[in-house]
Amino acid sequence: MEQKGAEGSVKPALTAAEKQLFRSRQQLDYWKKNAARVRSRNLRTGLAISAFVVGMFSYTILSVKQERVMEELDDEARIHIIRGPRTGANS
């Protein structure tokens with residue numbers, strides 16, 4: 001009986017091609033089981049990066065517009081300073 005158990009526990013050594021085939025089958029099984037989870041993780045990552053990019057772009061455009069508005073206000077202020085105060089005598 002001991003010989004029978006000993007013979008069953010001895011495994012023949014796998015060749016390199018068999019090892020590669022075994023690994024590829026394991027990887028395929030892993031991806032079949034976890035594909036949905038990986039997809040959802042990738043989707044969340046993509047959405048987070050997209051939100052960051054859109055936020056940065058919006059902030060940049062908004063700040064440039066504010067600079068233009070401030071320049072226009074500065075120009076108007078310069079004009080009013082050059083013209084001087086408006087009173088009834090010089091209007």
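The first residue in the sequence is number 1, and the count goes up from there. Scope of the values below: all heavy atoms of this structure, side chains included, with no hydrogens, waters or symmetry mates.
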Tell me which donor-acceptor pairs under 3.5 Å the side chains of residues 35-48 have, and how far apart each pair is, sequence neighbours excluded?
from  : atom 1 : to    : atom 2 : distance (Å)
Arg37 : NH2    : Asn34 : OD1    : 3.3
Ser40 : OG     : Ala36 : O      : 3.4
Ser40 : OG     : Arg37 : O      : 2.9
Thr45 : OG1    : Arg41 : O      : 2.9

Side-chain donor-acceptor distances from residues 55-64 under 3.5 Å, at least two apart:
from  : atom 1 : to    : atom 2 : distance (Å)
Ser58 : OG     : Val54 : O      : 2.8
Thr60 : OG1    : Met56 : O      : 2.8
Ser63 : OG     : Tyr59 : O      : 3.3
Ser63 : OG     : Thr60 : O      : 2.9

side-chain contact (heavy atoms from CB on, under 4.5 Å) partners for Glu18, two or more places apart
Leu14, Thr15
Applying side-chain contact (heavy atoms from CB on, under 4.5 Å) between Leu28 and each of Arg25, Lys32, Gln26, report the one that passes.
Lys32
